[in-house]
Every structure is written in C-alpha cells, then in structure tokens.
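Data first, discussion second: the structure below is written as structure tokens.
Owing to the predicted nature of the structure, the values given are computational and were not obtained by experimental measurement. Atoms within each ligand, like the ligands themselves, are counted from 1 in listed order.
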Amino acid sequence: MPFPAELIDRMRAASRVAVLTGAGVSAESGVPTFRDAQTGLWSQYDPTALATPQAFQRNPRLVWDWYRHRRQLVESAAPNPAHYALVDMEQHYDSFTLITQNVDGLHWQAGSRNLLELHGNIARSRCFECGAYADRWSDDDNGPPPCASCGGLLRPDVVWFGEGIPSRALRSAVAAAEVADVFLCIGTSAVVQPSASLPAMALRGGAYVAEVNIEETALSVLTHCSLRGKAGELLPALMQAVTGQERRSGEVG
Ligand code: OAD
C-alpha cells in the first residue's frame with residue numbers, strides 16, 4: 001500500500017514516537033472489540049452497562065462471569081502482526097511509548113515493554129473492598145472469589161466507567177503525547193476520555209498525527225492522515241516502508 005510521503009518522511013525523521021491503541025489492534029487476534037456486537041450469552045448485555053462498579057455491586061457474579069468469559073477469550077488469543085510491528089517500532093526509535101486502552105495483555109505478550117496500560121489488565125484481579133491484589137484465585141462457576149486479606153469480593157483489575165485512570169500511567173501518556181514527533185492512533189473509536197484527548201495533545205505539541213482504522217472515527221478529521229485498513233496489514237507494511245526491512249520480531253505471516 002502506498003503511504004503518504006509526508007508520513008514516511010516524518011516517521012524516518014522522528015526520534016520520539018507515541019502510539020495509542022484500542023481494541024481494533026487485537027481484532028485480528030480474534031478478540032472482539034469493545035463495541036462489537038457481543039456474542040452468545042453476552043449479546044443481551046451492553047458492555048458499557050457491565051463495566052461499572054455499580055453493576056458489580058448489583059450483580060457481582062454477572063460482571064465477574066463476563067470478565068471470566070473475556071479472560072478465556074484472551075487466553076486463547078495470540079498477538080497478531082500489528083502487535084509485532086509495534087514491537088519493531090519500539091526497537092527502531094530512541095524514544096517510543098505505547099499507550100493502550102486494551103486490557104488483553106497482548107502487547108506485553110508480543111514483546112512491547114515501554115507500555116502504558118491505561119485501563120488495566122484483565123489477567124489481574126484485586127479486592128473490591130480493600131484493593132489487595134490476588135496472584136491466583138479459584139476459577140470456578142461460583143462467581144467472584146473471596147479476597148484472602150479481608151474476605152471481600154475479587155474484581156478484575158481493569159478501569160470501569162466512572163473510575164479514574166491510574167494516575168502515573170496517565171501522566172506518562174500525556175507527557176509522551178506532548179513531546180511526540182509522530183503520534184499514531186491504531187484501532188480505537190476514540191470515544192472514551194481521557195485517551196481520546198491524547199491525539200489533540202500531540203497535535204498541540206507539533207506532532208504529525210496519523211490514524212489506522214478500518215473505518216472513519218471522530219478522530220479522523222483531526223489527523224494529518226487517516227489510513228483505512230486493518231492494523232495487522234497496515235502496520236507491518238508501514239514499518240517496512242519506513243525502515244526498508246522485513247519484520248524482525250514475532251511470528252512471520
Ligand atoms: P472500540 O470497540 O470502541 O473501537 C474499536 C475500533 O477499532 C473501531 O474504531 C473499529 O473500527 C476499529 N477496528 C476494528 N477492527 C480493526 C482492525 N482490524 N484494524 C484497525 N482497526 C480496527 O474499542 P476502543 O476504541 O478500544 O474502556 O474502546 C476504548 C475503550 O472503550 C475501551 O478500552 C473500554 C471502553 O470504554 C473501558 O472499559 C474503561
């Protein structure tokens with residue numbers, strides 16, 4: 001795919017690159033995006049109505065089981081070429097920050113290390129009452145396990161609607177956006193704050209902002225270029241166009 005010359009030039013000249021990813025970067029790993037129609041039993045539920053502290057307090061077992069279902073989906077998923085292209089990007093630039101809204105852990109699994117998980121990670125659980133983290137828990141059909149410290153209920157270590165983003169991760173994300181030479185937005189509908197404001201912060205800082213998405217988003221008009229296509233196809237091709245090298249990390253294919 002021919003990329004805009006300015007995008008290639010800016011990425012070749014950049015020393016500081018920041019990337020914001022959303023659920024679209026994991027779609028080709030078979031992980032449903034957040035706002036895709038939910039499948040099976042979960043098709044009757046609006047995800048935004050399940051991912052709240054109030055929903056957990058009203059029906060802890062329902063919310064726990066929904067995350068248990070998503071954890072099982074993620075456990076059977078593997079990073080795709082988009083994840084590996086971002087690992088290559090991290091190794092290519094002196095300063096690279098990957099900011100993700102995803103909770104599936106696939107960036108870490110692919111090898112990304114300068115990674116900010118703004119919305120937490122579905123593989124971790126913590127106590128709804130005392131906040132103590134749980135390394136392991138009984139994964140059975142009995143709903144949320146008890147906290148070993150206080151007996152309260154365990155909950156997924158993810159950010160729910162109405163909850164704050166981990167402050168250190170958010171500060172680092174804002175700092176990376178504000179000084180970026182190039183800011184990429186990959187596979188996000190850009191509707192959830194504060195993540196959705198990061199591209200505008202990058203623009204104000206003078207960054208070249210580009211988007212990769214299979215469809216237009218609210219962000220598209222803000223960007224210098226909005227590439228239409230799958231992240232798993234466009235990102236490896238983009239890195240090859242920028243570096244002239246085939247993918248160096250992760251699986252081939
Ligand atoms: P969404 O489901 O809102 O959006 C996924 C985006 O990925 C859409 O814009 C799709 O067009 C795009 N997409 C799908 N497949 C793609 C592919 N193969 N390549 C490129 N793009 C693709 O998910 P997010 O934007 O991540 O937060 O949602 C952000 C946050 O909203 C989530 O982290 C979640 C939710 O509130 C919390 O739960 C706190």
Side-chain angles (χ1 to χ4, degrees), residues 1 3 19-39 42-43 45-56 63-64 66-67 69-71 73-74 77-86 98-107 110 115-124 126 155-167 169-170 173 184-199 210-223 225-239 253:
M1 161 174 188
F3 293 100
V19 177
L20 171 68
T21 63
V25 84
S26 295
E28 290 151 89
S29 295
V31 179
T33 65
F34 195 82
R35 285 171 181 79
D36 263 355
Q38 299 228 84
T39 55
W42 302 103
S43 56
Y45 296 100
D46 169 1
T48 58
L50 286 175
T52 72
Q54 295 75 14
F56 185 78
V63 175
W64 177 264
W66 180 52
Y67 280 91
H69 162 71
R70 292 176 66 195
R71 226 185 340 263
L73 280 179
V74 166
N80 68 63
H83 295 103
Y84 290 117
L86 291 168
L98 178 53
I99 305 156
T100 191
Q101 302 169 91
N102 299 343
V103 297
D104 57 33
L106 290 178
H107 283 306
L115 174 64
L116 300 171
E117 291 182 318
L118 292 189
H119 292 168
N121 188 313
I122 204 169
R124 294 192 302 263
R126 56 184 159 88
R155 55 161 286 176
D157 184 31
V158 297
V159 174
W160 280 335
F161 289 100
E163 294 185 322
I165 301 281
S167 53
L170 182 56
L184 304 179
C185 312
I186 316 288
T188 180
S189 59
V191 295
V192 168
Q193 293 299 347
S195 309
S197 298
L198 291 170
E211 175 185 45
V212 171
N213 201 307
I214 55 171
E215 62 187 17
E216 189 172 335
T217 71
L219 215 47
S220 303
V221 287
L222 272 178
T223 63
C225 82
S226 183
L227 305 173
R228 209 55 73 241
K230 292 184 175 181
E233 295 168 5
L234 289 187
L235 285 182
L238 177 59
M239 275 310 284

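- A heavy-atom distance below 4.5 Å is not found between the side chains of N102 and V31.
- With hydrogens and angles disregarded, no donor-acceptor distance shorter than 3.5 Å links the side chain of E28 to the backbone of N80.
- For R155, the salt bridge (Lys or Arg N to Asp or Glu O under 4.0 Å) partners two or more places apart in sequence, or in a different chain, are E163.
- At distances below 3.5 Å, at least one donor-acceptor pair connects side-chain atoms of N213 with backbone N or O atoms of T188.
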Under 3.5 Å: N or O atoms of ligand 1 paired with protein N or O:
residue, atom, partner, partner atom, Å
ligand 1, 2 (O), F34, N, 3.0
ligand 1, 2 (O), R35, N, 2.8
ligand 1, 3 (O), R35, NH1, 2.6
ligand 1, 3 (O), S189, OG, 2.6
ligand 1, 7 (O), G187, O, 3.3
ligand 1, 9 (O), N213, ND2, 2.9
ligand 1, 11 (O), N213, OD1, 2.7
ligand 1, 11 (O), E215, OE2, 3.3
ligand 1, 18 (N), E28, OE2, 2.9
ligand 1, 19 (N), A231, N, 2.9
ligand 1, 25 (O), T188, OG1, 2.8
ligand 1, 25 (O), S189, N, 2.8
ligand 1, 25 (O), S189, OG, 3.2
ligand 1, 26 (O), A23, N, 2.7
ligand 1, 27 (O), H119, ND1, 3.2
ligand 1, 28 (O), R35, NH1, 3.1
ligand 1, 31 (O), R35, NH1, 3.0
ligand 1, 31 (O), R35, NH2, 3.2
ligand 1, 33 (O), Q101, O, 3.1
ligand 1, 33 (O), H119, ND1, 2.8

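- Panel note: side chain H119, backbone V103; no donor-acceptor pair is recorded below 3.5 Å.
- Across H107 and L98, no two heavy atoms sit closer than the pair ND1-CD2, 3.4 Å.
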